[in-house]
Amino acid sequence: MEYLNIFIKSIFIDNMIFAFFLGMCSYLAVSKTVKTSAGLGIAVTFVLLITVPVNYLLNKYVLQAGALAWIGESFATVDLSFLSLIMFIAVIAAIVQIVEMVVEKFSPSLYNSLGIFLPLIAVNCAVMGGSLFMQQRDYANIGEVISFSLGSGIGWFLAIVGIAAIREKLRYSHIPPALKGVGITFIITGLMGLAFMSFMGIKL
Amino acid sequence: MKIFTDPLAKNNPITVQVLGICSCLAVTAQLKPALVMAISVTVVVALSNLIISLMRNTIPPRIRIIVQLVVVSALVILVNQVLMAFVYDVSKQLSVYVGLIITNCIVMGRLEAFAMSRKPLESFLDGVGNGLGYGIILVIIGAFREIFGSGSIWGYPIMEKLGLYQIGYENNGLVIMAPMALILVGIIIWIQRTKDKDLQEN
């Protein structure tokens, strides 16, 4: 039940885009058509689902204060948490590179549809943000972390597909010329955020 | 000189290049964290531009992203430690967004677009300019949201001192919420593009 609660919470209430504005750059740049934005959304979900649990293990067994106690008594006082930023980004960049190579080898069709987005994801704030929130919120076990990362990914996917669908329709409406493009996208994202706020307070 | 002044308005990183939006929106509910964030980003962009520009001829193109990330994250760790040491309360408020300067698109974008191909001094100026351009928008939004959302400025309760509450004025709770920040940026872009017709999109 706890897993489901975290899952729903990270999709709707703590939505990466509407509540924390993470991954806005690619969200604004790639949301011109539904097809490409769905591809990016799936890629981000996939990468989040792999990197956040890996970083959780890294944080728990290497970086946290006293995390190195499993090596021996003398390591029990070591606190490497100041290194977490550089370790997380290194893990993310490496995993994105590996995912890219594996996907290219085993599923060329998926690679062709995701290919151009994968390198971009290494510097997507949503992925890094997922790891940092995981560290900050102190999840109890790996199951909770997995449901959090899957939920955040799906939330991001829903947001980018939603805005892409709206932008496709917007092309035929009369918008003041100065507001066209980025301006109106910001305002609509704000309005979608207001709508998502109605999920606040839901608890399973 | 043009390198330095362009990013302040005509080529502003937020409203024109549309980079670094995440942190811009998340930290601007009050003026103080917005200003601290603006300074941190300026420091990181300027120094990483300078360092990468000094190293640009020795970086192999295939692994440049990793090299850039390492330089940027080292700088961000420094900034993070300094913030935690001197302004602990603000650093708590900024929470993960200090760490997210690493993946802030302004930093990576300027490194890729500018520092990889220019001389160190130019790159440094470009970094400072972009950091300040980002800072201006952050301070505008932060000031607006603090005045209308919590009725104070820099923690000073300006609305109460003016006596506006007695005549029925109320703080607008919506302004401190997340969606309002997005709408504000949209409006700033609208105003800027109305004035400067070159920037309009078709």
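To find a chain, count down the sequence lines: A is the first, B the second, and so on, and within it residues start at 1.
Remark: the Ser152(A) side chain and the Ser149(A) side chain contain no N/O donor-acceptor pair separated by less than 3.5 Å. A side-chain donor-acceptor contact under 3.5 Å links Ser131(A) and Asn55(A).
Heavy-atom pairs under 4.5 Å with chain A peak, among Val72(B), Ile102(B), Val98(B), at Ile102(B). Between chain A and the options Pro179(B), Gly99(B), Ala181(B), the largest number of non-hydrogen pairs under 4.5 Å is found for Pro179(B). The residue among Ile17(A), Leu85(A), Ile187(A) with the most heavy atom pairs within less than 4.5 Å of chain B is Leu85(A). Of the listed residues Ile189(B), Thr194(B), Leu100(B), the one with more heavy-atom pairs under 4.5 angstrom with chain A than any other is Leu100(B). Ranked by heavy-atom pairs under 4.5 Å with chain B, the first of Leu132(A), Leu179(A), Thr189(A) is Leu179(A).
In this structure, chain A has a heavy atom under 4.5 Å from the side chain of Met177(B), while its backbone stays farther away. Using a 4.5 Å cut-off between heavy atoms, Leu174(B) touches chain A through its side chain atoms alone. In this structure, no portion of Met192(A) lies under 4.5 Å from any heavy atom of chain B. Interface residue Leu22(A): backbone and side-chain heavy atoms are both found under 4.5 Å from chain B.
Phe114(B) carries Arg118(B) over the face of its six-membered ring, with the cationic atom under 6.0 Å from the centre and within 45° of the normal.
Of the possible donor and acceptor atoms, none in the side chain of Thr28(B) sits under 3.5 Å from a partner among the backbone N and O of Ala34(B).
The aromatic rings of Phe196(A) and Phe18(A) are tilted relative to each other, their planes meeting at an angle between 30° and 60°.
Taking the six-membered ring for Trp and the full ring otherwise, the centers of Phe20(A) and Phe133(A) sit less than 6.0 Å from each other. A centroid separation of less than 6.0 Å is found between the aromatic rings of Phe148(B) and Phe144(B).
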